[in-house]
> 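Attaching a single structure in structure tokens format; questions to follow.
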Number of protein chains: 2
Amino acid sequence: MAIDIDGPEPLYEQIAGVIAARIDDGSYQPRRRIPAEAALCEEFEVSRPTVRSAIQLLNQRGLTRTVHGKGTYVAGDVNGLRA
Amino acid sequence: MAIDIDGPEPLYEQIAGVIAARIDDGSYQPRRRIPAEAALCEEFEVSRPTVRSAIQLLNQRGLTRTVHGKGTYVAGDVNGLRA
DNA sequence: CTTAATTTGTACGTATGTATT
DNA sequence: GAATACATACGTACAAATTAA
């Protein structure tokens, strides 16, 4: 799954999609931390605000949870209702 | 209600609070447009990203609704469930 | 229909503050 | 105190939707 800089879908949505897919397929496991914002910036070659927008989407959708000073964690359940 | 640049509460939260208060007291009426982002930037003397963060909060809370190319509108109901 | 003006959307880069380890 | 990581905020540029001329 690559990022299409020219496509109609915003970068932050595409990135959120890639991360969501990794959660789905187990690359990023429940209750574990996903890579730091800086690392995601490097991987996707985008700015930090763009990575943060992607993470914000994931948090809103309940797939992840961000903790100040620690990191962003994959939600710890299958139903998206509990930690 | 003034903005406290030094207080612990983020600017965007303070601004969202001021706008919410204006919705409450009727200064901004249901289904009517609130001032454009640029106007709010001038009034509160903050950057556009900060104003947008404030509006995003209001949208998330259901107090307003933003339409691309048009503006941000006060929710048209009392229950926050319909437009 | 084309153009311009207004307004919101996306994205960049940067600086500084705060929380955790 | 230092290193790591997220939070807030600035300024800027250009794209896209809406409306009016």
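Note that the structure is a prediction, hence the values are computed from the model and not measured. By convention in this document, chain letters (A, B, ...) are assigned in the order of the sequence lines, proteins followed by strands, and residues within each chain are numbered from 1.
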> Whole angstrom is fine here: how far is it from CD in B/Glu37 over to C1' in D/dT18?
14 Å
> Heavy-atom nearest nucleotide on DNA chain C for B/Ile55 versus A/Tyr73: which residue maps closer to 5'?
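On the 5' side of the pair lies B/Ile55.
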> Return the SG to CZ distance between B/Cys41 and B/Arg52, rounded to the nearest 0.5 Å.
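The CZ atom of B/Arg52 is 10.0 Å from SG of B/Cys41, to the nearest 0.5 Å.
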> CD1 of B/Ile5 versus P of D/dT8: gap in Å, rounded?
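After rounding, the gap between these two atoms is 14 Å.
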> Can you see whether A/Thr50 engages A/Ser53 through a side-chain donor-acceptor pair at a distance of less than 3.5 angstrom?
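Short answer, no.
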> Just how far, in rounded Å, is P of D/dA15 from CG of A/Asp6?
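One finds 12 Å between P of D/dA15 and CG of A/Asp6, rounded.
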> Which of the following nucleotides, D/dT12, D/dA5, C/dT14, is nearest to the side chain of A/Pro49?
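The answer is C/dT14.
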> What is the distance from CG of A/Leu57 to C1' of C/dT10, rounded to the nearest Å?
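About 13 Å, once rounded to whole Å.
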> C/dC12, D/dA7, C/dG9: which one has an atom nearest the side-chain heavy atoms of B/His68?
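Out of C/dC12, D/dA7, C/dG9, the nucleotide with an atom closest to B/His68's side chain is C/dG9.
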> Between C/dT10 and A/Tyr12, is there an OP1 or OP2 to side-chain N/O distance shorter than 4.0 Å?
yes
> Of the candidate nucleotides C/dT8, D/dC10, D/dC6, which contains the atom at the shortest distance from the side chain of B/Ala36?
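My answer, after comparing the listed nucleotides, is C/dT8.
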> Roughly how many Å is it from CD in A/Glu45 to C1' in C/dC12, rounded to a whole number?
14 Å
> Contact class for A/Leu11 vs. all strands (heavy atom < 4.0 Å): base, sugar-phosphate, or nothing?
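Sugar-phosphate contact only.
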> Report yes if a side-chain nitrogen or oxygen of B/Lys70 is closer than 4.0 Å to either non-bridging phosphate oxygen (OP1 or OP2) of D/dT19; otherwise report no.
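The answer is yes; a side-chain N or O of B/Lys70 sits under 4.0 Å from OP1 or OP2.
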> Rounded to the Å, how far apart are B/Glu9 CD and C/dT18 C1'?
16 Å
> Under 3.5 Å, is there a donor-acceptor pair linking the side chains of B/Tyr73 and B/Arg33?
no
> Assign B/Ser53 to base, sugar-phosphate, or nothing according to its heavy-atom contacts below 4.0 angstrom with the strands shown.
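Counting heavy atoms under 4.0 Å across all strands, no contact is made by B/Ser53.
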> Side chain of A/Thr50 only, please: which of C/dC12, D/dT12, D/dA9 is the nearest?
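Of all the options, the side chain of A/Thr50 is nearest to C/dC12.
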> Indicate yes or no: does B/Glu13 engage B/Arg61 in a salt bridge with an N to O separation below 4.0 Å.
no
> The side chain of A/Arg48 is closest to which nucleotide in this list: C/dA15, C/dT7, D/dC10?
C/dA15
> Across the strands shown, which category fits A/Thr66 at heavy-atom distances under 4.0 angstrom: base, sugar-phosphate, nothing?
sugar-phosphate
> Between B/Arg52 (CZ) and C/dT7 (P), how many Å, whole number?
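Rounded to whole Å, this separation is 14 Å.
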> With heavy-atom distances below 4.5 Å as the criterion, would you say the side chains of A/Thr64 and A/Ile23 are in contact?
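Yes - at least one pair of side-chain heavy atoms lies under 4.5 Å apart.
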> Can you tell me the distance, in whole Å, between the CZ atom of A/Phe44 and the P atom of C/dA11?
13 Å
